[in-house]
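Worksheet: the structure to be examined is printed underneath.
For clarity, every value in this text was computed on a predicted model and none was experimentally measured.
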Amino acid sequence: MANHTEKILVVDDEAAVRRILETRLSMVGYDVVTATDGEEALQVFAREQPDLVVLDVMMPNGDGYFTCKELRKDSDVPIIMLTALGDVADRITGLQIGADDYLVKPFSPKELEARINTVLRRLSKSTDSVIPPSGVMQVGQLQIDTNKRRVYMGNELLRLTGREYNLLELLASHSGESISRTEILKKIWGYAPQRHGDLRVVDVHVSRLRSKIESDPKNPELIITERGTGYLFQRAKIVKNPVEAISKV
């Protein structure tokens, strides 16, 4: 049995789904709490402060989209959405409002376990990087402090989710190199594309990241789309003395 210490909130209005996921995730060592709808989910979240949320879309008293938006107002906690909706556009909606990943019902509990493990593991350590541990990456006014996992635009500290930070660090640490969407999915989400629409996860997160770091997200200058290939980050420089470069707390 894995020795997990993280707490997971499972939100689903189907008792059978809650029971199965609570049993399976508890068996591999997670501390699991549950909620039956969006309203209860927000109450349980405030009380329990979980490390990750598994969130169903179709629920009464606040669906998954509403709940995700409410959680994102104050928290960067990882969110994996469960959806029975077949339309890719509907699933992408969850990513656009702040979810980190999604699974389509019916799904394998083992696949959900793997997604949870990957998300939590990526949050606990930085992406593979060629940047020295003492370095700060900088492009124009954008500064990436790889030690503290903080990103600044000039003097302003930007609020990024853990997933967004990992994506930015991956791209910036390979600045000047084109990285395919498939490779990004493997490195950041921990799995290869398996079904139609999987690579849209990458596109949506790049779009969200651009909205936070680009002066004009519709005409990006930092994260460039390499058509037919993937994405390329403008060449960054390494700041040798991060204390001088970033004096913020």
Side-chain angles (χ1 to χ4, degrees), residues 65 68-69 71-72 75-81 83 87-104 115 118-119 121-123 125-131 137-146 149-153 156-236:
Y65 297 146
C68 183
K69 287 180 181 178
L71 290 175
R72 278 290 172 258
S75 175
D76 295 330
V77 66
I79 298 173
I80 298 177
M81 300 197 80
T83 174
D87 192 334
V88 172
D90 289 326
R91 301 198 297 269
I92 294 303
T93 298
L95 299 173
Q96 290 174 328
I97 62 176
D100 294 271
D101 204 352
Y102 65 80
L103 276 176
V104 180
R115 298 283 184 96
T118 298
V119 170
R121 186 172 64 249
R122 289 292 179 184
L123 286 179
K125 65 180 183 179
S126 181
T127 56
D128 296 335
S129 174
V130 298
I131 302 301
M137 291 179 281
Q138 181 171 339
V139 176
Q141 292 294 306
L142 183 72
Q143 296 180 342
I144 307 168
D145 183 344
T146 61
R149 290 173 60 85
R150 292 180 179 177
V151 179
Y152 299 89
M153 182 60 72
E156 179 186 0
L157 175 64
L158 302 183
R159 181 178 173 180
L160 304 184
T161 65
R163 184 83 74 176
E164 289 166 351
Y165 175 85
N166 286 341
L167 175 59
L168 176 60
E169 186 180 310
L170 173 67
L171 293 170
S173 66
H174 294 81
S175 62
E177 302 175 21
S178 180
I179 305 180
S180 71
R181 295 153 74 216
T182 296
E183 188 65 17
I184 293 172
L185 190 69
K186 289 179 180 178
K187 286 184 175 294
I188 302 300
W189 280 265
Y191 62 92
Q194 299 173 348
R195 54 178 67 90
H196 178 68
D198 276 358
L199 290 176
R200 285 286 291 147
V201 174
V202 176
D203 298 333
V204 172
H205 276 77
V206 168
S207 178
R208 279 170 46 189
L209 185 55
R210 280 172 169 164
S211 72
K212 297 181 178 183
I213 68 172
E214 299 277 4
S215 58
D216 182 1
K218 293 184 178 180
N219 297 287
E221 297 180 347
L222 296 174
I223 303 177
I224 309 302
T225 300
E226 292 281 284
R227 299 200 179 279
T229 306
Y231 295 99
L232 178 147
F233 193 84
Q234 290 282 42
R235 189 167 295 280

Flag side-chain contact, heavy atom, 4.5 Å: [X] against [Y]:
{"X": "Ile97", "Y": "Arg72", "answer": "no"}
{"X": "Asp203", "Y": "Leu95", "answer": "no"}
{"X": "Thr161", "Y": "Arg208", "answer": "yes"}

For [X] versus [Y], what's the shortest heavy-atom pair and its separation?
{"X": "Ala172", "Y": "Ile144", "answer": "CB-CD1, 3.6 Å"}
{"X": "Ser180", "Y": "Glu183", "answer": "OG-N, 3.0 Å"}
{"X": "Lys212", "Y": "Leu160", "answer": "CD-CD2, 3.5 Å"}
{"X": "Val119", "Y": "Pro78", "answer": "CG1-CB, 3.4 Å"}
{"X": "Ala99", "Y": "Cys68", "answer": "N-SG, 3.7 Å"}
{"X": "Thr118", "Y": "Trp189", "answer": "CG2-O, 2.8 Å"}

task: Look at atom CZ of Arg235 and say whether more than 12 heavy atoms of other residues, nucleotides or ligands are closer to it than 6.0 Å.
output: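 Count not over threshold, so no.
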- request: Give a yes or no on whether Glu221 atom CD has more than 12 heavy-atom contacts from other residues, nucleotides or ligands under 6.0 Å away.
  value: no
- prompt: side chain to side chain contact (heavy atoms under 4.5 Å, CB included) between Tyr231 and Ile224: does it pass, once the steps are laid out?
  reply: CA-CA 6 Å; Tyr231 295 99; Ile224 309 302; over 6 Å; no
Atom [atom1] in [X], atom [atom2] in [Y]: separation rounded to 0.5 Å?
{"X": "Ile79", "Y": "Asp101", "atom1": "CD1", "atom2": "CG", "value": "12.0 Å"}
{"X": "Leu209", "Y": "Arg163", "atom1": "CG", "atom2": "CZ", "value": "13.0 Å"}
{"X": "Gln234", "Y": "Ile223", "atom1": "CD", "atom2": "CD1", "value": "10.5 Å"}
{"X": "Arg210", "Y": "Asn219", "atom1": "CZ", "atom2": "CG", "value": "10.0 Å"}
{"X": "Leu103", "Y": "Ile80", "atom1": "CG", "atom2": "CD1", "value": "7.0 Å"}
{"X": "Asn166", "Y": "Asp100", "atom1": "CG", "atom2": "CG", "value": "10.0 Å"}

message: Assess whether a salt bridge exists between Lys186 and Asp198, defined as any Lys/Arg side-chain N lying under 4.0 Å from an Asp/Glu carboxylate O.
response: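 No salt bridge links Lys186 with Asp198.
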task: Begin from the C-alpha positions of Leu158 and Leu142 and carry the test side chain to side chain contact (heavy atoms under 4.5 Å, CB included) through to its verdict.
output: CA-CA 10 Å; Leu158 302 183; Leu142 183 72; 4.2 Å; yes
Would you confirm whether [X], through its side chain, and [Y], through its main-chain N or O, come within 3.5 Å as a donor-acceptor pair?
{"X": "Gln96", "Y": "Val204", "answer": "no"}
{"X": "Gln138", "Y": "Gly140", "answer": "yes"}
{"X": "Ser173", "Y": "Glu169", "answer": "yes"}

- prompt: Would Arg181 and Val206 count as a side chain to side chain contact (heavy atoms under 4.5 Å, CB included) if you check the C-alpha gap in whole Å, the side-chain angles of each, and the deciding distance to 0.1 Å?
  reply: CA-CA 10 Å; Arg181 295 153 74 216; Val206 168; over 6 Å; no
query: For residues Tyr165 and Asp76, is any side-chain donor paired with an opposing acceptor at under 3.5 Å?
result: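 Short answer, no.
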- request: Test Leu170 against Phe233 for side chain to side chain contact (heavy atoms under 4.5 Å, CB included), laying out the working first.
  value: CA-CA 9 Å; Leu170 173 67; Phe233 193 84; over 6 Å; no
